[in-house]
Amino acid sequence: MKKLRFAILFLLTVMLSASVCAGNLLQGKTILFVYGGWEGHDPVGCRDLLVPWMKSEGAQVIVSDSLGVYKDQALMSRVDAIVQTWTMGTITAEEERGLLQAVKSGVGMAGWHGGTGDAFRNNTEYQFMIGGQWVAHPGNQIDYEVNITDHTDAVTRGINDFPMRSEQYYMHVDPNVKVLATTRFAGKAAEWIEGCIVPVVWKKHYGKGRVFYSSLAHTAADMQGEALTIMQRGICWAAMSRGGQRENLVSPVYGSGK
């Protein structure tokens, strides 16, 4: 039943997002998909949702459930992008060094929610690369709104503000990421943050590498509609890191939301 559910979800994904990566951006790209860590964020389900989609877009996808793959210098030197979902957990110094060096050299990096924004809590250089770190989700699973702050960027173009029911991530964020979407906290579970605006989607550089992050989607079931489109477009953008035009992504002023 679970396999059937994901098969149906994947077919809907392909039907609804056939033109997500305009220009066949993933065609011929090599993507490393790394999954694991805390099972509550559904790393297997996310793998089963995104890996078939990337393959349908023409990418060669290498799937690993071990962080040890980051030590493989030969592999890391030839991939175009890394997509990671690995919540919490620990990473060795050698594994982290392999990952950071790859991105600094021009490999793209893309991820979402805790699988990237709450991985390896003790590794501050990793957090520097990602551009932020999860610290709380007041109220846990709640209804909230995502406000698009950049309507011209390829990742968010054509997408309007939309509702989410998931964990609303309160994050500590690098002030120099290019913010594409934000959310406003109502303060019901933590009254002292009422009205606070926190970025939920951003992009940045780390060395020569493009880094994309979205805090949306607690599980594969949450990754649908606009949240899914944003993630897919973010993967496409990151995969163009090696040959893509370098953008000026220093943008310290957050959008005001609503």
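One is the number of the first residue; the rest follow in order along the sequence.
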> Would you call Asp153 and Lys203 a salt bridge, taking side-chain N to carboxylate O under 4.0 Å as the test?
Replying inline: yes
> Of all heavy-atom pairs between Ala239 and Ala81, which one has the smallest distance, and what is that distance?
Replying inline: CA-CB, 3.7 Å
> Do Met88 and His41 touch side chain to side chain, with heavy atoms closer than 4.5 Å?
Replying inline: no
> Should the pair Phe33 and Trp112 be assigned to parallel (<30°), tilted (30 to 60°) or perpendicular (>60°) ring geometry?
Replying inline: tilted
> Pick from Asp72, Val61, Val107, Val69: which one makes a side-chain contact (heavy atoms from CB on, under 4.5 Å) with Val79?
Replying inline: Val107
>> According to a hydrophobic-cluster definition based on side-chain heavy atoms being under 4.5 Å apart (Ile, Leu, Val, Met, Phe, Trp, Tyr only), do Ile130 and Tyr170 belong together?
In response: yes
> Can you name the one residue among Ile230, Thr116, Val83 that meets side-chain contact (heavy atoms from CB on, under 4.5 Å) with Phe212?
Replying inline: Ile230
> Going by heavy atoms in the side chains, are Leu26 and Met54 under 4.5 Å from each other?
Replying inline: yes
>> How long is the straight-line distance from CD of Glu145 back to OG1 of Thr182, given to the nearest 0.5 Å?
In response: 9.0 Å
> Any side-chain donor paired with an acceptor under 3.5 Å for Asn147 and Thr149?
Replying inline: no
>> Within the 3.5 Å criterion, strictly below it, is a donor on Glu57 or Asn24 matched to an acceptor on the partner's side chain?
In response: no
> Looking at Val177, Asp174, Val155, which one forms a side-chain contact (heavy atoms from CB on, under 4.5 Å) with Trp202?
Replying inline: Val177
> Cluster question for you: counting only ILVMFWY and a side-chain heavy-atom cut-off of under 4.5 Å, with indirect links fine, are Val44 and Trp38 together?
Replying inline: no
>> Quick check on Gln141: does its CD atom have over 12 non-hydrogen neighbours (other residues, nucleotides or ligands) under 6.0 Å away?
In response: yes
> What orientation do His137 and Tyr169 show, parallel under 30°, tilted 30 to 60°, or perpendicular over 60°?
Replying inline: parallel
> Do Glu125 and Tyr206 come close enough that some side-chain heavy atom pair is under 4.5 Å?
Replying inline: yes
